[in-house]
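This report refers to the structure that appears directly beneath it.
These numbers come from a predicted model, not from an experiment. Heavy atoms only: backbone and side chains are in, while hydrogens, waters and symmetry mates are out. A note on names: the letters A, B, ... follow the listed sequences, proteins ahead of strands, and every chain is numbered from 1.
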Amino acid sequence: MSLRSPLGRVRGLGSAKSGAHHWLHQRLTAVAIVPLSLWFVNAILTHMHDDHAEIVDWIGSPLVAALLIALIVAVFYHAKLGLQVVIEDYFHGELAKVVLLVAMKLGLAFGALLGVVAVLKISFGSA
Amino acid sequence: MWGGGTSLEQFLTANDTPMANNPLSPHLQVYRPQLTSILSITHRITGVFLALGTVMILYWLVAAASGPAAYAEAQRCLGALPTQVVLFGWTFAFFYHLANGIRHLLWDTGWGFDLDTAYKTGYAAIAAAIVLTLLTWACVLAQGGQA
């Protein structure tokens, strides 16, 4: 028989095992994404008919490249935090949950990397 | 009540306890949906849809980094009608998630939890999403179509 109280044994055994930093990071990325995404939508409307030379020239500006990279990092991290909660809530089998979580996190990390590399390649003038 | 060597699991799963077979809330089979709960699940659904749609933005960026031929091909693909329909839905999902996300941030400050305000901000989020989506696509059409 365990000497621990029922509350002590249950603590930390929720679906996520932790919480405060996840909550805070979700809010911080959300606050960053509000102005960045509105800037991006406006930029797309301005540049959607640009040809390749014009779009490369636009992304070649350091400010634009930095804003795009900030948006990519914030969006993919925010997506990771959000999808993590969705998977934890709706997949109850431990194996399926862990496999999906790992695949989602690695996939989004690679997506963010791909976007950042593309922006850097353009902004360093080799596209 | 947990004395005598009865573990918590045994207590919770024992058939003679009133808690044993109770369904967990929300009781979806008998649950009457309201605006607030519908908006809440819509926030999740649009979030998942937006995450999937980031593939289109990555494709656009990678094509721009790959040269003029790849970029022209990407513009043709993204400008095709089926993609434009998906992009229209994605635009609505974006503005809804943005507006309702701001509603969430306001709740985080402790504001807007009373039922009357929660309904008003809920309707405001829907209205903002519809208006901003239509405004954005009016800009697209004004430039001769094709986002």
Please report the closest heavy-atom contact between [X] and [Y], naming both atoms and the distance.
| X | Y | result |
| --- | --- | --- |
| I130(B) | F92(B) | CG1-CE1, 3.9 Å |
| L81(A) | H22(A) | O-NE2, 3.0 Å |
| D50(A) | Q75(B) | O-NE2, 2.9 Å |
| C77(B) | Y59(B) | SG-OH, 3.8 Å |

Is [X] close to chain B through its backbone or its side chain, or both, or neither, when contacts mean heavy atoms under 4.5 Å?
| X | result |
| --- | --- |
| V75(A) | side chain |
| N42(A) | neither |
| L83(A) | side chain |
| F124(A) | neither |
| V86(A) | both |
| V119(A) | side chain |

Flag the one option from D51(A), I59(A), L45(A) with the top tally of heavy-atom pairs under 4.5 Å to chain B.
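Most pairs with chain B among the choices: L45(A).
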Count the heavy atoms belonging to other residues, nucleotides or ligands that lie under 6.0 Å from OH of Y123(B), then report whether that count exceeds 12.
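No, because the 6.0 Å sphere around OH of Y123(B) holds 12 heavy atoms or fewer from other groups.
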Is the number of heavy atoms from other residues, nucleotides or ligands under 6.0 Å of K105(A) NZ greater than 12?
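It does: K105(A) NZ has more than 12 such atoms within range.
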Heavy-atom distances under 4.5 Å only: say whether L61(B) touches chain A with side chain, backbone, both or neither.
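Both the backbone and the side chain of L61(B) come within 4.5 Å of chain A.
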Report the distance from atom CG of L113(A) to atom CG of L108(A), rounding to the nearest 0.5 Å.
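Taking CG in L113(A) and CG in L108(A), the distance rounds to 12.5 Å.
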Please confirm whether the backbone N or O of Q143(B) pairs with a side-chain atom of H49(A), one donor and one acceptor, at under 3.5 Å?
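Pair found, side chain donor or acceptor close to backbone of Q143(B).
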Counting heavy-atom pairs under 4.5 Å with chain A, which one of L58(B), L105(B), L132(B) comes out on top?
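Maximum pair count with chain A is reached by L58(B).
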Is the ring pair H78(A)/H97(B) parallel, tilted or perpendicular, if the boundaries are 30 and 60 degrees?
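H78(A) and H97(B): perpendicular rings.
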Give me the contact list for residues 35-51 of chain B versus chain A, heavy atoms only, anything under 4.5 Å, ordered by residue number.
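Only I41(B), R44(B), V48(B), A51(B) of residues 35-51 of chain B have a heavy atom under 4.5 Å from chain A.
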Quick one: are W90(B) and I57(B) in side-chain contact, heavy atoms under 4.5 Å?
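The answer is yes, as the side chains (C-beta and beyond) meet within the 4.5 Å cut-off.
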